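As a basis for the values below, the full set of heavy atoms in this structure was taken, side chains included, without hydrogen atoms, waters or symmetry mates. On a predicted model such as this, the values are computed, not experimentally measured, just so you know.
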Amino acid sequence: MKTIDELLTEGVAGRRVFVRADLNVPLDGTTITDDGRIRAVLPTVKALAETGARVVVASHLGRPKGAPDPVFSLAPAAARLGELLGADVAFATDTVGESAQTVVAGLADGQVAVVENLRFNAGETSKDDAERAAFAEQLAALADVYVGDGFGAVHRKHASVYDLPARLPHYAGYLIANEVGVLKKLTEDVKRPYVVALGGAKVSDKLAVIDQLLAKADRLLIGGGMAYTFLKAKGYEVGISLLQEDQVPAVTEYMERAEKNGVELVLPVDVLVAPEFPDLKTKAPANPTTVAADAIPADQEGLDIGPETRKLYASKLADAGTVFWNGPMGVFEHPDYAEGTKAVAQALIDTPGFTVVGGGDSAAAVRTLGFDESAFGHISTGGGASLEYLEGKTLPGLAALED
């Protein structure tokens, strides 16, 4: 896989460089609530612009249905990119149409443009190879060189991620090169004990990675909504907590295999419960009750790990040589249910080992809860991509960057 450093050595002055970024930021209307993904691509964009490239940045945002939708416009992301660069960033109001062609043609050396949301064109996400290829050809006409730097999308077989690199000289940007290097530390040269903390809503989203980790990790700490399927598999009452009843057999088998393999699988010993889900807009006090994990009332919902579990998980992380964390421990968006996620994040900071925050809601939680990002070994920009890499899957966007 060639990297951007090789491209810069070859020279980019005057060349149109298409940067497939991941600007899929959360928005409250037109206000960006977390610009972490924009900041993550800055080193690549800056390096190209400073050496005279004409930089064309492209990304998806949200899930529009293959047609323009102002709710998912990249205009706020383009404006924020310009603020962070300290330079004007041109914005094309379409992806490959007249506006994009005019904006790209008007770029001078060292200037940057952002084209509109790639998913406004059905060819971007089409499962039809010919339709994707046709869109990739249109994108290729905008550039001379391709730089892949949208790690959060590399597990998607999309036109800008998979088909476009085949049509242009292609290189990995700094973000992707760094992400791949980190993931290799989690799969090829792991310092032990290797501890994995998994949370989030659905256990079905994590089954494949748990399957792989049962042969690699030393400890698995389970939290979040997915924990209640594990507790149900132990025969506990889980009340009205989030539960995937159809996954109980698989979870039971995994717990048995963990014991057989000598992998310590750690579940909550106490949880915070309430009769209803909290209001995340008003943040009104929820007044939860702490109960033992085997004593959840039938009319209550588990919404965070309890204080004893926080201490337990911190102790299980204290001596780790390597930690991978993906998924919050509770409904961290509400202050009454943020302490479990805070405790895991702080435990990662306190451990002397190499720590990786696996993107998605975990990365959002780190920023939302006010932690210093530099205190972690690495914060990934791609939760889904990270999990699929750890599952051992071939990621289309990475395969496309190989020579």
Side-chain angles (χ1 to χ4, degrees), residues 1-4 6-7 16-24 37 40-41 44-45 48 55-67 72 74 94-97 100 104 114-181 183-184 187 208 359-360 380-403:
M1 184 184 293
K2 291 184 179 179
T3 68
I4 187 174
E6 294 172 80
L7 172 60
R16 299 170 302 163
V17 181
F18 187 103
V19 177
R20 202 331 179 161
D22 180 7
L23 308 181
N24 186 27
R37 284 177 169 165
V41 79
T44 290
V45 175
L48 290 167
V55 186
V56 182
V57 180
S59 175
H60 68 288
L61 191 152
R63 295 180 181 273
K65 301 184 183 301
F72 299 109
L74 275 174
D94 58 26
T95 303
V96 292
V104 172
V114 174
V115 298
E116 186 55 284
N117 193 335
L118 290 163
R119 291 184 182 175
F120 285 1
N121 189 302
E124 170 67 1
T125 60
S126 176
K127 294 183 179 180
D128 181 85
D129 291 349
E131 188 175 10
R132 279 201 328 276
F135 184 47
E137 290 288 351
Q138 292 178 294
L139 292 171
L142 298 175
D144 305 304
V145 182
Y146 178 92
V147 172
D149 216 28
F151 181 73
V154 294
H155 57 316
R156 306 297 188 191
K157 193 176 183 180
H158 291 169
S160 66
V161 175
Y162 179 75
D163 301 89
L164 182 56
R167 290 162 170 77
L168 295 170
H170 47 269
Y171 303 80
Y174 289 125
L175 173 61
I176 278 187
N178 187 37
E179 293 271 14
V180 172
L183 288 169
K184 285 183 177 179
T187 55
S380 178
T381 56
S386 296
L387 287 175
E388 290 199 14
Y389 190 100
L390 294 182
E391 289 168 21
K393 291 184 178 179
T394 296
L395 306 188
L398 296 185
L401 294 175
E402 297 290 346
D403 296 326

Could you walk me through whether Asp22 and Thr381 pass the side chain to side chain donor-acceptor pair (under 3.5 Å) test, one step at a time?
-> CA-CA 8 Å; Asp22 180 7; Thr381 56; 5.3 Å; no
What do the steps show when you test Arg20 against His158 for side chain to side chain donor-acceptor pair (under 3.5 Å), and what is the final call?
-> CA-CA 11 Å; Arg20 202 331 179 161; His158 291 169; 5.2 Å; no
Does the pair Leu7 and Leu48 meet the rule for a side-chain contact (heavy atoms from CB on, under 4.5 Å), with working shown?
-> CA-CA 9 Å; Leu7 172 60; Leu48 290 167; 4.0 Å; yes
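Annotation for Asn24 and His60: closest pair ND2-NE2, 3.5 Å, computed over non-hydrogen atoms. Heavy atoms only, all atoms of each residue included: Gly397 and Val161 are closest at CA-CG1, 3.4 Å. Across Arg119 and Gly62, no two heavy atoms sit closer than the pair NH1-O, 2.9 Å. Between Thr95 and Leu118 the shortest heavy-atom distance is CG2-CD2, 3.7 Å. Scanning both residues, Ala140 and Arg167, for their nearest heavy atoms gives CB-CB, 4.2 Å. Here the closest non-hydrogen pair linking Tyr146 and Pro165 is CE2-CG, 3.5 Å.
Scored by the side chain to side chain contact (heavy atoms under 4.5 Å, CB included) test, Glu388 finds His155, Glu391, Lys393, Leu395 as partners (sequence neighbours excluded). Glu116 pairs by the salt bridge (charged side-chain N to carboxylate O under 4.0 Å, His left out) definition with nothing, not counting sequence neighbours.
Using modelled atom types, one side-chain atom of Asp94 and one backbone atom of Ala100 make a donor-acceptor pair closer than 3.5 Å. In this structure, the side chain of Ser126 does not engage the main chain of Ala122 through any donor-acceptor pair within 3.5 Å. Between the Asp149 side chain and the Ala21 main chain, no donor and acceptor come within less than 3.5 Å of each other.
Within 6.0 Å of atom OH in Tyr162, 12 or fewer heavy atoms from other residues, nucleotides or ligands are found, so the atom counts as exposed in its surroundings.
Between Leu183 and Phe151, some side-chain heavy-atom pair lies under the 4.5 Å cut-off. Using a 4.5 Å heavy-atom threshold, the side chains of Asp144 and Val17 count as separate. Proximity of Ile176 to Leu398: side-chain heavy atoms (C-beta onward) are separated by under 4.5 Å at one or more points. Contact check for Ser59 versus Asn117: no side-chain heavy atoms found under the 4.5 Å cut-off. At a threshold of 4.5 Å between non-hydrogen side-chain atoms, the residues Phe18 and Leu139 count as touching. You'll find the side chain of Leu61 stays beyond 4.5 Å of the side chain of Leu23, heavy atoms only.
Using a cut-off of 4.0 Å between Lys/Arg side-chain N and Asp/Glu carboxylate O, Lys65 and Glu124 are scored as not salt-bridged.
Atom OG1 of Thr44 and atom CD1 of Ile4 lie 4.5 Å apart (nearest 0.5 Å). Annotation: the span from His170 atom NE2 to Met1 atom CE amounts to 9.0 Å, rounded to 0.5 Å. Atoms CG and CG, on Leu142 and Leu168 in that order, are 9.5 Å from each other to the nearest 0.5 Å. Atom CG of Leu175 sits about 8.0 Å away from atom OG of Ser380, to the nearest 0.5 Å.
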